[in-house]
Amino acid sequence: MPAARESLLDAAFAALEGRPWPRVKMAEVAAAAGVSRQTLYNEFGSKEGLARALVRREADAYLSGVERALSGASGAAGPRERLAAAAVWTVRSATENPLVRAVLTGCWNERLPTSVTSVRTASPGPLPAPGELLGQARDRAVRMLAGDWPPGAVELPLACEAVARLALSYVVAPAPAADVARMVRTVLA
């Protein structure tokens, strides 16, 4: 039932944009997705299960965006530019998506599903702890840039770690996303 699952997650995310998670009703999410409430409970088990699946989906979408940036899909050619594009994606994604921001920083507010933090390691699909999602992005950068990293440049894992931490600093202390790309290029020059 993948289509119903995605529709339910889309409906839950849309509901979360309009009101705090504690005020989101399962019946409303089911109705917005065009399925029965029983289908919703069959798919996720509980509101906590829905929250966990929603956060997992948003974290996975963030990582997919990191991979697109690192692959050069954003038009960035060289490895430094692709790493800068991944940093920009991190800042934009965290700015636009409160769930990504919360997972990256560990800062959950009353509008978000706070029960998610208590079930972080429950299955299926354990949720990353603060910083782990950024670590996963860093590890993907190391893997995807390994063949293209210029010899004699700063060590690739160190560069990826520095850029990931730099991007996170822009998430915590916001500034224009373009500034992070300029900063990354300066640091890696």
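Computed over heavy atoms, backbone and side chain alike; hydrogens, waters and symmetry mates excluded.
Within the structure, side-chain hydrogen bond (donor to acceptor under 3.5 Å, both in side chains) contacts touching residues 167-181 (residues at least two apart or in different chains) are Asp179-Arg182. Sorted by first then second residue, the salt bridge (Lys or Arg N to Asp or Glu O under 4.0 Å) pairs that include residues 14-32, not counting sequence neighbours, are Arg19-Glu28. Applying the side-chain hydrogen bond (donor to acceptor under 3.5 Å, both in side chains) definition to pairs two or more places apart or across chains, those involving residues 7-16 are Asp10-Arg57. Applying the salt bridge (Lys or Arg N to Asp or Glu O under 4.0 Å) rule to pairs touching residues 152-162 yields Arg138-Glu161, Glu161-Arg165, sequence neighbours excluded.
In this structure, CZ in Arg68 is found 5.5 Å from CH2 in Trp89, a value given to the nearest 0.5 Å. Distance check, rounded to the nearest 0.5 Å: CG of Leu188 to CD of Glu81 gives 9.5 Å.
For Arg140, the salt bridge (Lys or Arg N to Asp or Glu O under 4.0 Å) test picks out Glu67, with sequence neighbours left out. Residues satisfying the side chain to side chain donor-acceptor pair (under 3.5 Å) criterion with Asp139, sequence neighbours excluded, are absent altogether. Residues forming a side chain to side chain donor-acceptor pair (under 3.5 Å) with Thr90 (at least two apart in sequence, or on another chain): Tyr62. Take Ser64 and apply the side chain to side chain donor-acceptor pair (under 3.5 Å) test, not counting sequence neighbours, and it matches no residue.
Nearest heavy-atom pair, Ala167 versus Val180, reported as atom, atom and distance to 0.1 Å: CA-CG2, 4.2 Å. Leu83 and Cys160 make their closest contact through CD1-SG, 4.1 Å (heavy atoms, listed as atom of the first residue, atom of the second, distance). Taking all atoms of both residues into account, the shortest heavy-atom contact from Val184 to Arg80 is CG1-O, 4.5 Å.
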Using atom types as modelled, flag every donor-acceptor pair under 3.5 Å from a side chain in residues 95-106 to any protein atom, sequence neighbours excluded.
residue: Thr95; atom: OG1; partner: Val91; partner atom: O; Å: 2.7
residue: Asn97; atom: OD1; partner: Leu99; partner atom: N; Å: 2.9
residue: Asn97; atom: OD1; partner: Val100; partner atom: N; Å: 3.4
residue: Asn97; atom: ND2; partner: Glu58; partner atom: OE1; Å: 2.6
residue: Arg101; atom: NH1; partner: Val171; partner atom: O; Å: 2.5
residue: Arg101; atom: NH2; partner: Val171; partner atom: O; Å: 3.4
residue: Thr105; atom: OG1; partner: Arg101; partner atom: O; Å: 2.8
residue: Thr105; atom: OG1; partner: Cys107; partner atom: N; Å: 3.1

Report all side-chain donor-acceptor pairs from residues 143-151 shorter than 3.5 Å, counting only partners two or more places apart or in another chain.
residue: Asp148; atom: OD2; partner: Arg82; partner atom: NH1; Å: 3.1
residue: Asp148; atom: OD2; partner: Arg82; partner atom: NH2; Å: 3.1
residue: Trp149; atom: NE1; partner: Val154; partner atom: O; Å: 2.7

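In the displayed structure, Met183 atom CE is contacted under 6.0 Å by at most 12 heavy atoms of other residues, nucleotides or ligands.
Not a single donor-acceptor pair under 3.5 Å links the side chain of Lys47 to the backbone N or O of Pro113.
Between Met26 and Tyr41 there is a side-chain heavy-atom pair separated by less than 4.5 Å.
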Derivation of the side-chain contact (heavy atoms from CB on, under 4.5 Å) call for Arg52 and Phe44: CA-CA 9 Å; Arg52 185 175 44 252; Phe44 299 105; over 6 Å; no

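Across Leu9, Leu54, Leu8, Val35, a single residue satisfies side-chain contact (heavy atoms from CB on, under 4.5 Å) together with Val29, and that is Leu8.
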